[in-house]
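By convention here, the first residue in the shown sequence is residue 1.
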Amino acid sequence: MKDQELQELTASEPLTLEQEYEMQQSWLEDDDKCTFIVLDKEDMKQKSELDSMIGDVNLFLNNPENLKQGEVEVMIAEECKRGQGKGKEALLFMLRYGIEQLQVTSFIAKVKMKNLASKNMFERIGFKEISQSDIFEELTLQLVVTEEWLSWLLSQTKCYHIHVY
């Protein structure tokens with residue numbers, strides 16, 4: 001997360017390794033946040049789990065007016081791993097987890113306006129733009145889970161297997 005472009009695209013601040021561990025620990029204990037670390041399957045054949053980490057995907061249950069809505073985000077930090085469908089795959093698994101384990105019925109995603117790759121990925125999955133903020137230079141996209149869309153999701157995530165710690 002020392003990459004300025006990545007910080008800008010994800011609206012993130014650089015954290016020390018200690019701060020990152022503290023944040024991950026607080027998320028582990030927090031009931032309204034889920035995070036999955038994204039590992040590269042090919043890297044896992046030759047590298048350690050730690051060295052195979054390429055990003056994360058997160059789900060926040062932060063809308064007190066709609067407890068069935070989740071906000072999702074995905075980040076592939078390793079630039080050489082972007083554009084290969086890894087973020088999409090991780091996001092699809094998080095969406096399925098949110099639906100099946102947390103009974104989420106709609107999702108929102110906030111994307112920087114200039115992050116066209118992320119915007120396009122969310123739209124290909126089925127998200128629709130519902131608002132934009134010129135002040136924050138951010139788009140809000142939404143996906144309402146329908147039976148038809150859920151069937152598509154299940155067909156895309158047949159190898160669904162999540163380890164919950």
Side-chain angles (χ1 to χ4, degrees), residues 1-30 32-44 47-63 69-99 101-102 104 106-133 136-143 153 156-157 159-165:
M1 287 303 297
K2 294 183 188 322
D3 181 337
Q4 283 189 312
E5 179 186 14
L6 185 59
Q7 290 172 20
E8 187 175 326
L9 290 174
T10 61
S12 300
E13 297 293 324
L15 300 175
T16 65
L17 187 57
E18 182 177 310
Q19 290 170 320
E20 185 71 36
Y21 281 129
E22 288 172 8
M23 183 182 72
Q24 292 298 326
Q25 184 63 40
S26 74
W27 282 31
L28 179 65
E29 297 164 0
D30 206 335
D32 63 355
K33 296 179 181 82
C34 296
T35 189
F36 294 157
I37 302 300
V38 180
L39 305 176
D40 186 278
K41 290 186 269 195
E42 293 304 312
D43 287 354
M44 287 289 294
K47 299 179 181 179
S48 71
E49 188 173 275
L50 184 63
D51 290 331
S52 299
M53 292 180 186
I54 61 169
D56 62 24
V57 59
N58 304 300
L59 173 63
F60 307 100
L61 302 172
N62 56 4
N63 184 347
Q69 181 181 69
E71 181 178 339
V72 292
E73 61 184 25
V74 62
M75 177 212 33
I76 301 300
E78 298 294 327
E79 189 172 358
C80 65
K81 302 294 182 177
R82 295 183 202 150
Q84 300 174 22
K86 296 174 190 309
K88 178 183 175 185
E89 181 181 23
L91 181 61
L92 291 176
F93 285 119
M94 179 60 89
L95 296 173
R96 184 164 171 181
Y97 179 83
I99 293 164
Q101 302 298 317
L102 305 172
V104 175
S106 71
F107 297 92
I108 61 165
K110 295 182 179 180
V111 177
K112 286 293 194 183
M113 287 180 185
K114 63 197 246 178
N115 190 346
L116 295 179
S118 188
K119 175 185 180 286
N120 291 337
M121 178 199 62
F122 278 102
E123 288 177 340
R124 281 192 306 274
I125 288 171
F127 283 74
K128 307 279 185 232
E129 184 179 328
I130 58 169
S131 68
Q132 62 179 329
S133 169
F136 294 110
E137 298 178 352
E138 187 175 78
L139 303 171
T140 300
L141 301 112
Q142 181 180 41
L143 171 79
L153 176 64
Q156 300 298 303
T157 56
C159 62
Y160 179 70
H161 183 75
I162 295 179
H163 297 283
V164 180
Y165 298 96

Looking at side-chain heavy atoms only, is the closest gap between [X] and [Y] below 4.5 Å?
{"X": "F93", "Y": "V57", "result": "no"}
{"X": "V72", "Y": "F127", "result": "yes"}
{"X": "I125", "Y": "L95", "result": "yes"}

For [X], side-chain hydrogen bond (donor to acceptor under 3.5 Å, both in side chains) partners two or more places apart:
{"X": "D51", "value": "S48"}
{"X": "Q142", "value": "none"}
{"X": "N62", "value": "E71"}
{"X": "K119", "value": "E123"}

query = Taking it one step at a time, do D32 and F60 satisfy side chain to side chain contact (heavy atoms under 4.5 Å, CB included)?
reply = CA-CA 6 Å; D32 63 355; F60 307 100; over 6 Å; no
Provide the closest heavy-atom pair for [X] versus [Y] in the form atom of the first, atom of the second, distance.
{"X": "L143", "Y": "G126", "value": "CD1-O, 3.4 Å"}
{"X": "L102", "Y": "C34", "value": "CD1-SG, 3.7 Å"}
{"X": "L139", "Y": "E129", "value": "CD2-OE2, 3.6 Å"}
{"X": "G70", "Y": "L59", "value": "CA-CD1, 3.7 Å"}

Starting at [atom1] of [X], measure out to [atom2] of [Y] and round the result to the nearest 0.5 Å.
{"X": "M121", "Y": "L92", "atom1": "CE", "atom2": "CG", "value": "8.5 Å"}
{"X": "N58", "Y": "M75", "atom1": "CG", "atom2": "CE", "value": "7.5 Å"}
{"X": "E42", "Y": "K86", "atom1": "CD", "atom2": "NZ", "value": "7.0 Å"}
{"X": "K47", "Y": "M53", "atom1": "NZ", "atom2": "CE", "value": "12.5 Å"}

Partner of E89 under salt bridge (charged side-chain N to carboxylate O under 4.0 Å, His left out), chosen from K41, R96, K81 =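 Testing each of K41, R96, K81 against E89, the sole residue satisfying salt bridge (charged side-chain N to carboxylate O under 4.0 Å, His left out) is K41.
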inquiry  = Within a 6.0 Å radius of atom NZ on K110, are there more than 12 heavy atoms belonging to other residues, nucleotides or ligands?
reply    =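 No, not enclosed.
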request  = Evaluate the side chain to side chain contact (heavy atoms under 4.5 Å, CB included) criterion for residues N63 and I108: first the C-alpha distance (whole Å), next the side-chain angles of each, then the deciding distance (0.1 Å), finally the verdict.
outcome  = CA-CA 10 Å; N63 184 347; I108 61 165; over 6 Å; no
ask   = Looking at residues at least two apart in the chain, or sitting in another chain, which of them share a ring-ring contact (aromatic ring centres under 6.0 Å, His included) with F107?
value = none
key: Under the salt bridge (Lys or Arg N to Asp or Glu O under 4.0 Å) test, residues paired with K128 that sit two or more places apart   =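 Partners of K128 under the salt bridge (Lys or Arg N to Asp or Glu O under 4.0 Å) test: none.
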request  = Using distance alone, with no hydrogens and no angle criterion, decide if S52 and D40 have a side-chain donor and acceptor under 3.5 Å apart.
outcome  = no
request  = Please report the C-alpha distance between L153 and I99 in whole Å, then the side-chain angles of each, then the deciding distance to 0.1 Å, and finally whether the side chain to side chain contact (heavy atoms under 4.5 Å, CB included) criterion is met.
outcome  = CA-CA 10 Å; L153 176 64; I99 293 164; 3.8 Å; yes
